[in-house]
Amino acid sequence: ALLYLCGRELGWSRRVSLAAGLVFGALTQALQISQDLFSEPGVACGTALLMVGMLRWRAGRPSGPWLVGSGLGVGLLFRSDSAILLGVGLLLLPAVVPWRRLLAERRAWVGLVLPILPVLAWTAWYSLRRDGTLVPAVYGGTFTTPLLEGLHGLLLSHGRSLLVYNPFLLLAVPGAIALWRRDRAATALLVVLVVVRPLFFARWNAWGGGVNWGPRFLMPSVGPLSLLAVYAASRVGRLRAGLRVPAALVVAGLVVVGGVVSVASVWVWAGASWKWREYRPPGLEGQALREFSAERRNGYIYSFSNSAIAFN
């Protein structure tokens, strides 16, 4: 629903705006991960609220700043790192709303800040009760993975790549180029909200996200990418005659492939492939067991034949 509103604020037709929401819900990893008790769907909701709010603020609607503040608050409520990952989007506010308006609209800043304050209060209270500190503690992990290794895993590996688990979103690349020509501020906002996540989580020691479907930490990026991908698909009819049919076939092919991946994600429990990965043959011990486990884990992440998609 929020992606539909984003499309309408961007001036798209109802049909194209609705397609953005349907792609997000049916052709991406959001379909599966929304069934698990992870925090990323909540962060994705906060990201969508932020996008709607920024676009409405630009249009001069009073609800814009409140939605931006609500998006930041919702994201922070689910994951404390949203203060950074969604806060980066807020840095683009002057590119979306002119400085003159930002300085003149004092009520807008009230609407931006007020939704965040109760979230900060709740988070500080909860952290104090749980960890004895007002600032949320980082849970069991470190930023020790080499950057290029993490980026390769999140973006290119067969078993955890964002684009392997969300093939329709390949269209986001031409979609970003096309939208940039029409609306640079909105394109910059969508792209920044996407790019910042792999750069942040590539160095996390568990960059794959654990027992989950696809790159869990990148799931909030799927919303902005769905908007860009659907915009690319909507421009097929405006291509030159010789390009329309091939482009339409590519879009149709990605819909089919994305549908197969989505069906696989809910046909079999996502944790089943992880249990298969952790299988230990009876009687295997020592170095032989370590080599077997390393080979199986490597295949699970870096080969398609042993990935969760193929298993399901």
Side-chain angles (χ1 to χ4, degrees), residues 1-10 12 20-21 24 28 30 39-61 63-99 101-103 105 108-117 119-120 123 154 162 169 172-173 175-176 179-180 182-202 215-231:
L2 291 171
L3 292 182
Y4 172 84
L5 294 177
C6 281
R8 296 298 290 160
E9 291 298 330
L10 287 168
W12 300 353
F24 174 82
T28 74
S39 55
E40 278 67 32
V43 179
C45 178
T47 304
L49 282 167
L50 175 72
M51 294 188 299
V52 175
M54 295 274 273
L55 295 172
R56 287 196 169 187
W57 196 340
R58 178 174 68 172
R61 302 194 182 196
S63 61
W66 290 89
L67 289 171
V68 173
S70 298
L72 292 169
V74 168
L76 181 60
L77 189 63
F78 280 91
R79 287 189 65 98
S80 56
D81 51 41
S82 297
I84 299 172
L85 299 175
L86 292 184
V88 171
L90 191 61
L91 294 178
L92 292 177
L93 185 59
V96 178
V97 184
W99 270 112
R101 278 183 52 198
L102 290 176
L103 295 175
E105 297 176 353
W109 290 98
V110 174
L112 172 66
V113 173
L114 280 184
I116 303 175
L117 295 180
V119 173
L120 292 176
T123 303
L154 290 170
L162 174 71
L169 300 187
V173 177
L179 187 60
W180 177 261
R182 173 181 174 180
D183 192 336
R184 293 190 174 186
T187 307
L189 173 64
L190 298 178
V191 170
V192 165
L193 290 173
V194 170
V195 170
V196 68
R197 299 197 72 83
L199 291 176
F200 184 85
F201 285 109
R216 171 163 69 94
F217 297 131
L218 302 190
M219 185 263 171
S221 301
V222 169
L225 287 172
S226 296
L227 288 168
L228 294 172
V230 167
Y231 185 70

Closest non-hydrogen atoms of Pro115 and Gly69, given as atom of the first, atom of the second and distance, are CB-C, 3.7 Å
Pairwise side-chain contact, Leu72 with Leu112, heavy-atom cut-off 4.5 Å (strictly under):
yes
Short question: side chain of Arg101, backbone of Arg58 - any donor-acceptor pair under 3.5 Å?
yes
Where Pro224 and Leu190 come nearest, the two heavy atoms and their spacing:
CB-O, 3.8 Å
Shortest non-hydrogen contact from Gly71 toward Leu49:
CA-CB, 3.6 Å
CZ of Phe24 to CG of Leu169: how many Å apart, nearest 0.5 Å?
10.0 Å
How long is the gap from OG1 on Thr47 to CG on Leu2, to the nearest 0.5 Å?
10.5 Å
So OG of Ser80 and CG of Leu120: to nearest 0.5 Å the spacing works out to 11.5 Å
Considering all heavy atoms of both residues, which atom of Ser226 and which atom of Ala20 are nearest to each other, and what is their separation?
CB-O, 4.0 Å
The single option from Leu199, Val195, Val192 passing side-chain contact (heavy atoms from CB on, under 4.5 Å) against Val88
Val192
Heavy atoms of Leu90 and Pro94 approach each other most closely as O-CD, 4.3 Å
Look up atom CE in Met219 and atom OG in Ser39, then write down how far apart they are to the nearest 0.5 Å.
10.5 Å
As an exercise, state the distance from CZ of Arg216 to CG of Leu154, rounded to the nearest 0.5 Å.
12.0 Å
Taking side chain as C-beta onward, heavy atoms only, is Leu162 less than 4.5 Å from Leu225?
yes
Verdict with supporting geometry, Asp81 and Phe201, side chain to side chain contact (heavy atoms under 4.5 Å, CB included):
CA-CA 10 Å; Asp81 51 41; Phe201 285 109; 3.7 Å; yes
Report yes if the side chains of Trp66 and Arg56 come closer than 4.5 Å at any heavy-atom pair, otherwise no.
no
Between the CD1 atom in Ile84 and the CG atom in Leu76, the distance rounded to the nearest 0.5 Å is 10.5 Å
Listed partners of Ala59 passing side-chain contact (heavy atoms from CB on, under 4.5 Å), at least two apart
Glu9, Arg61
Indicate the atoms forming the closest heavy-atom contact of Leu92 with Met54, along with that distance.
C-CE, 4.2 Å
Is any side-chain heavy atom of Leu3 closer than 4.5 Å to one of Met51?
yes
Do any N or O atoms from the side chain of Arg197 and from the backbone of Phe217 form a donor-acceptor pair under 3.5 angstrom?
yes
Is the shortest side-chain heavy-atom distance between Leu227 and Trp12 below 4.5 Å?
yes
Plane angle bin for Trp109 and Trp57 - parallel if under 30°, tilted between 30 and 60°, otherwise perpendicular:
perpendicular
Evaluate the side-chain proximity of Leu50 to Leu193: yes if any heavy-atom separation is below 4.5 Å, no if none is.
yes
